[in-house]
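Some notes on the structure that comes next.
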Amino acid sequence: MTTATKVTRDTSERRRQITHMIKSRGSVQVASLSDVFGVSMQTIRKDLHFLEMHGVAARAYGGAIAAEVVNITEAPIEAKRVTHTEEKERIGRLAAALVQPGDSIMLDSGTTAMQIARFLPDDDGITVVTNDFDVLGALSQKRNLKIVMLGGELRRKNMAFYGAQTLAALDDLLLDKLFLGVDGFDVARGITTHYEPEAQLNRKMVETARRIIAVTDSSKFGKVCLHRIIDISEIDDLITDSDAPDYIRQPEANLGFRVHIA
């Protein structure tokens, strides 16, 4: 047996075992796999790239997630605007009711955030910060609200601004509440999104706010997207609709945050 043959066989066996680990656990981390197999992290990254190319896994920060549990495809903004509209409207109305005169709030991008903007009280004591073009349009219908628009590069797929300029604009802000939109909400894997710059911006938003309020319709529960924003332990409140699963809605769930059903 040549050295080349042995290396190929070892590589194949390692990838077979990693495949089994991904399917049984749902996700793996590069550093821990490097320790388990006694190979470099660069070698593990090559293994994960190979498995991604064969549809076994999807790469995520620091590791990989089983392909069957990852919601890879992001719907276009036009589709989002016409799905779960009644639920989003109820969520938006309830979320807006949590805003008090004197509050400074952040509205994340998304169609649920736009509904919150619609129902916000038109009070000159309220300051609203956003990076979402459509949210700005809804806010601009109100004559008294103070509005701060974050600049940056426009991502037309969801009509929101991202990038270094957007992140830098948050450096000197301290806000009362953040209303955080959700692409994926999983108890074990946290709150996730499709777009890495959005995950980076959302984490910065979390740092600026005293109270973190996640807003999502029930279709997002159990979904996992490629880029993690935060663990669910980091939110203070969750606003969702009545079709949310029992493990979210039941008081005895004790997930560490308040649940509001719209």
Side-chain angles (χ1 to χ4, degrees), residues 77 80-81 84-152 154-155 158-163 165-183 185 191 193 198-217 220 229-230 232 234-241 257-262:
I77 186 67
K80 292 180 180 180
R81 286 172 180 154
H84 304 285
T85 52
E86 293 183 8
E87 293 90 340
K88 291 173 183 176
E89 183 171 317
R90 296 199 305 270
I91 291 167
R93 190 186 297 272
L94 179 52
L98 297 181
V99 179
Q100 303 297 318
D103 276 351
S104 58
I105 70 169
M106 177 89 67
L107 291 183
D108 183 23
S109 61
T111 50
T112 303
M114 186 169 62
Q115 293 297 333
I116 300 173
R118 283 186 58 213
F119 292 108
L120 281 175
D122 191 7
D123 190 308
D124 62 8
I126 296 173
T127 300
V128 187
V129 182
T130 189
N131 68 313
D132 187 287
F133 187 82
D134 288 338
V135 169
L136 176 64
L139 293 172
S140 66
Q141 303 303 310
K142 302 175 187 292
R143 297 184 177 274
N144 297 312
L145 284 178
K146 296 176 183 177
I147 305 168
V148 177
M149 185 68 186
L150 301 177
L154 178 65
R155 182 182 185 237
N158 67 334
M159 294 304 292
F161 293 88
Y162 301 98
Q165 183 179 350
T166 322
L167 291 167
L170 294 175
D171 283 341
D172 298 321
L173 295 181
L174 295 172
L175 302 169
D176 294 307
K177 299 179 178 80
L178 164 64
F179 292 91
L180 180 64
V182 166
D183 286 329
F185 191 109
I191 294 175
T193 185
E198 182 171 26
Q200 293 173 340
L201 179 62
N202 286 163
R203 285 193 291 270
K204 189 69 175 286
M205 289 177 173
V206 167
E207 293 174 4
T208 70
R210 292 190 300 109
R211 183 176 174 186
I212 313 304
I213 305 168
V215 291
T216 180
D217 65 81
K220 308 297 178 57
I229 301 171
I230 54 174
I232 64 167
E234 297 181 61
I235 69 173
D236 300 294
D237 300 82
L238 169 67
I239 303 177
T240 187
D241 60 72
F257 50 80
R258 295 175 290 270
V259 178
H260 310 263
I261 302 296

_Rounded at 0.5 Å granularity, tell me how far CG in Leu150 sits from NZ in Lys204._
10.5 Å
*Write down the atom of Lys220, the atom of Val182, and the distance for their closest heavy-atom approach.*
NZ-O, 3.0 Å
*For Asp241 against Ile91, the heavy-atom pair lying closest together*: N-CD1, 4.1 Å
*Would Arg203 and Ile229 satisfy side-chain contact (heavy atoms from CB on, under 4.5 Å), going step by step from the backbone distance to the final call?*
CA-CA 6 Å; Arg203 285 193 291 270; Ile229 301 171; 4.2 Å; yes
*Identify the residue among Val148, Val129, Ile105 that makes a side chain to side chain contact (heavy atoms under 4.5 Å, CB included) with Leu175.*
Val129
*Taking only residues two or more places apart in sequence, or in another chain, which ones meet Phe257 in a ring pair (Phe, Tyr, Trp, His ring centres under 6.0 Å)?*
none
*Check whether any side-chain heavy atom of Asp183 sits under 4.5 Å from a side-chain heavy atom of Glu198, and report yes or no.*
yes
*To the nearest 0.5 angstrom, please state how far the OG1 atom of Thr127 sits from the CG atom of Asp103.*
9.5 Å
*Least distance between heavy atoms, Leu145 atom then Pro121 atom*: CD2-O, 3.4 Å
*Roughly how far apart are Glu207 CD and Ile230 CD1, rounded to 0.5 Å?*
11.0 Å
*Which residue pairs satisfy the salt bridge (charged side-chain N to carboxylate O under 4.0 Å, His left out) criterion with at least one member in residues 113-124, sequence neighbours excluded?*
Glu89-Arg118
_Distance-minimising heavy-atom pair for Gly152 and Thr166_ = CA-OG1, 3.5 Å
*Report the C-alpha distance between Leu120 and Leu107 in whole Å, list the side-chain angles of each, state the deciding distance to 0.1 Å, and finish with yes or no for side-chain contact (heavy atoms from CB on, under 4.5 Å).*
CA-CA 11 Å; Leu120 281 175; Leu107 291 183; 4.2 Å; yes
*Tell me, with the steps shown, if Phe161 and Met149 meet side-chain contact (heavy atoms from CB on, under 4.5 Å).*
CA-CA 9 Å; Phe161 293 88; Met149 185 68 186; 3.4 Å; yes
_I'd like to know if the side chain of Thr216 and the backbone of Thr240 have a donor-acceptor N/O pair within less than 3.5 Å._
no
*Heavy atoms only: give me the nearest Ala117-Leu139 pair and the separation to one decimal.*
CB-CD2, 3.7 Å
*Is the number of heavy atoms from other residues, nucleotides or ligands under 6.0 Å of Asn144 CG greater than 12?*
yes
_Nearest 0.5 angstrom please: Leu180 CG to Thr112 OG1, how far?_
11.0 Å
*Sub-4.5 Å side-chain heavy-atom contact between Val135 and Val128*: no
*Which value, rounded to the nearest 0.5 Å, describes the distance between Thr130 atom OG1 and Ile147 atom CD1?*
10.0 Å
*Heavy-atom pair with the smallest gap, counting every atom of Ile116 and Ala96*: O-CB, 3.9 Å
*Got Met114 and Asp132 here, is their nearest side-chain heavy-atom distance under 4.5 Å?*
no
*Report the distance from atom CG of Leu170 to atom CG of Leu201, rounding to the nearest 0.5 Å.*
6.0 Å
*For Asn131 and Ser109, test the side chains for any donor-to-acceptor distance below 3.5 angstrom and give the result as yes or no.*
no
*Full working for side-chain contact (heavy atoms from CB on, under 4.5 Å) between Arg211 and Asp176*: CA-CA 6 Å; Arg211 183 176 174 186; Asp176 294 307; over 6 Å; no
